[in-house]
Visitor: 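Before I ask anything, here is the structure I am working with.
Reminder, nothing fancy here: chain letters follow the sequence lines and each chain counts from 1. Keep in mind that this is a model prediction, so the values were computed, not measured.
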Amino acid sequence: MPELPEVETTKRGVEPHILDQTIETVVVRQPKLRWPVSDEIYQLEGQKVLSVSRRAKYLLVEFEQGYAMWHLGMSGSLRLVEKHEAPGKHDHIDWLMSNGKVLRYHDPRRFGALLWVENPADSEHLNHLGPEPLSEEFSGELLYQKSRNKKVPIKTFIMDGKVVVGVGNIYANESLFLAGIRPTIAAGRISKARMEKLAVVIKQVLGKAIEQGGTTLRDFVGGDGKPGYFAQQLNVYGRGGEKCPACDGLLKEIRQGQRTTVFCKTCQT
DNA sequence: ATGCTAACCTGCGCGC
DNA sequence: TGCGCGCAGGTTAGCA
């Protein structure tokens with residue numbers, strides 16, 4: 001999936017096309033997603049889109065009577081198509097809109113979700129989440145406070161949505177490289193100064209990725225139907241065994257949990 | 001509480 | 001144009 005910048009890019013791409021539109025029909029061809037698509041979703045038929053926003057990696061579409069919440073999982077994407085375009089194999093959901101266009105959800109791996117909630121503040125998916133990484137609330141100070149006495153590796157720590165949302169595997173690797181912090185270090189043993197550096201680079205990396213429309217990944221198509229990504233410089237992600245961009249060493253690849261970590265033994269201590 | 005693993009599912013690239 | 005394996009952007013349930 002899309003990491004946070006990709007969700008933000010989707011939000012920005014889709015918003016102008018669906019805002020103020022009435023959803024006339026919801027077509028669910030495959031309800032078996034990360035969580036089954038509930039029949040409650042049909043409530044949005046006949047309702048108008050009042051706003052589009054993002055919280056963590058969830059895309060929130062506000063209607064008069066509640067919210068539809070999309071999650072793109074690992075391989076989900078949303079785009080606008082014409083009514084006459086036949087759905088493909090993994091095009092699981094369509095919203096047919098009053099302007100004659102169709103918002104179409106595509107997700108080969110089906111780790112995504114479409115949920116209906118009356119009030120996002122009450123949603124169990126949202127109410128335990130930490131701050132947005134690009135908000136003022138997220139800071140080195142916060143990372144430092146939350147990590148005291150924590151033995152979890154720093155990479156695992158920054159990918160924990162209760163600490164800060166939206167830092168996925170790609171950007172966790174990139175941020176730790178830019179901060180010069182080894183991903184395996186216990187979060188609780190990192191100094192305040194280093195945490196401040198880390199918070200700064202997380203903001204920079206995510207901000208830059210959003211600016212560039214996200215990283216090029218094979219499953220994503222932008223909301224307007226054009227490829228949504230511009231190539232972004234990734235220093236370490238996907239480069240295990242290659243030369244470190246900053247020194248003569250080779251990038252080392254390890255597994256942390258079920259995820260691949262790449263780092264430089266010389267530059268990250 | 002904390003922390004790790006497995007699970008959800010399909011597709012792709014690699015080695016044979 | 002085969003076959004099996006491991007891996008891929010996320011999140012949560014369940015177990016020690």
Visitor: Starting from C1' on dC4(B), measure out to CG on Asp160(A) and report it in whole angstrom.
Guide: 13 Å
Visitor: Could you work out which one of dG3(B), dC7(C), dG10(C) sits closest to the side chain of Val152(A)?
Guide: dG3(B)
Visitor: Should the ring pair Trp70(A) and Trp95(A) be called parallel, tilted or perpendicular, given that the plane angle runs from 0 to 90° and is split at 30 and 60?
Guide: tilted
Visitor: With both distances under 3.5 Å as the test, what is the Watson-Crick or G-U wobble partner of dT11(C)?
Guide: dA7(B)
Visitor: For atom C1', what is the distance between dG13(B) and dG10(C), given to the nearest Å?
Guide: 22 Å
Visitor: Return the nearest nucleotide to the side chain of His128(A); candidates are dG3(B), dT11(C), dT12(C).
Guide: dT12(C)
Visitor: Looking only at side-chain N and O atoms, does His125(A) come under 4.0 Å of OP1 or OP2 in dT11(C)?
Guide: no
Visitor: With respect to the side chain of Arg109(A), which nucleotide from dC7(C), dC9(B), dG10(C) is positioned closest?
Guide: dC9(B)
Visitor: Atom OH of Tyr171(A) and atom C1' of dG10(C): how far apart are they, to the nearest Å?
Guide: 15 Å
Visitor: Under 4.0 Å between a side-chain N/O of Tyr237(A) and OP1 or OP2 of dG9(C), yes or no?
Guide: yes
Visitor: Among dT10(B), dT12(C), dA8(C), which nucleotide sits nearest the side chain of His90(A)?
Guide: dT10(B)
Visitor: Figure out the OH/P separation between Tyr105(A) and dC9(B), and round it to whole Å.
Guide: 14 Å
Visitor: Without decimals, in angstroms, what is the distance between Asn149(A) CG and dG3(B) P?
Guide: 11 Å
Visitor: Rounded to the nearest Å, what distance is computed from the CZ atom of residue Phe111(A) to the C1' atom of nucleotide dT12(C)?
Guide: 12 Å
Visitor: May I ask you to say what Thr156(A) touches in the nucleic acid, namely base, sugar-phosphate or nothing, with a heavy-atom cut-off under 4.0 Å?
Guide: nothing
Visitor: Have a look at Lys32(A) and say if it touches a base, only the backbone sugar-phosphate, or nothing, with a 4.0 Å heavy-atom cut-off.
Guide: nothing
Visitor: In this structure, how many angstroms lie between the C1' atom of dG9(C) and the CZ atom of Arg34(A), rounded?
Guide: 15 Å
Visitor: Write down the distance separating the P atoms in dT5(B) and dC7(C), rounded off to the nearest Å.
Guide: 14 Å
Visitor: Do Arg55(A) and Glu132(A) meet the salt-bridge criterion of a basic N to acidic O distance under 4.0 Å?
Guide: yes
Visitor: Salt bridge or not between Lys57(A) and Glu3(A)? Use side-chain N to carboxylate O under 4.0 Å.
Guide: no
Visitor: Give Lys89(A) one of three labels, base, sugar-phosphate or nothing, depending on what nucleic acid heavy atoms sit under 4.0 Å from its own.
Guide: sugar-phosphate
Visitor: Check every strand shown and say whether Arg110(A) touches a base, only sugar-phosphate, or nothing at a heavy-atom separation below 4.0 Å.
Guide: sugar-phosphate
Visitor: Does Arg255(A) make a side-chain N or O approach to OP1 or OP2 of dA8(C) shorter than 4.0 Å?
Guide: yes
Visitor: Measure NZ/Lys57(A) against P/dG9(C) and give the value in whole Å, please.
Guide: 10 Å
Visitor: Do the ring planes of Tyr58(A) and His125(A) sit parallel (below 30°), tilted (30 to 60°) or perpendicular (above 60°)?
Guide: tilted
Visitor: Atom OH of Tyr105(A) and atom CZ of Arg110(A): how far apart are they, to the nearest 0.5 Å?
Guide: 10.5 Å
Visitor: Which one is paired to dG13(B), where only Watson-Crick or G-U wobble pairs with both distances under 3.5 angstrom count?
Guide: dC5(C)
Visitor: If I take atom CG in residue Leu33(A) and atom P in nucleotide dC9(B), what distance separates them, rounded to the nearest angstrom?
Guide: 11 Å
Visitor: Do Gln145(A) and Glu141(A) have side chains that get closer than 4.5 Å, going by heavy atoms?
Guide: yes
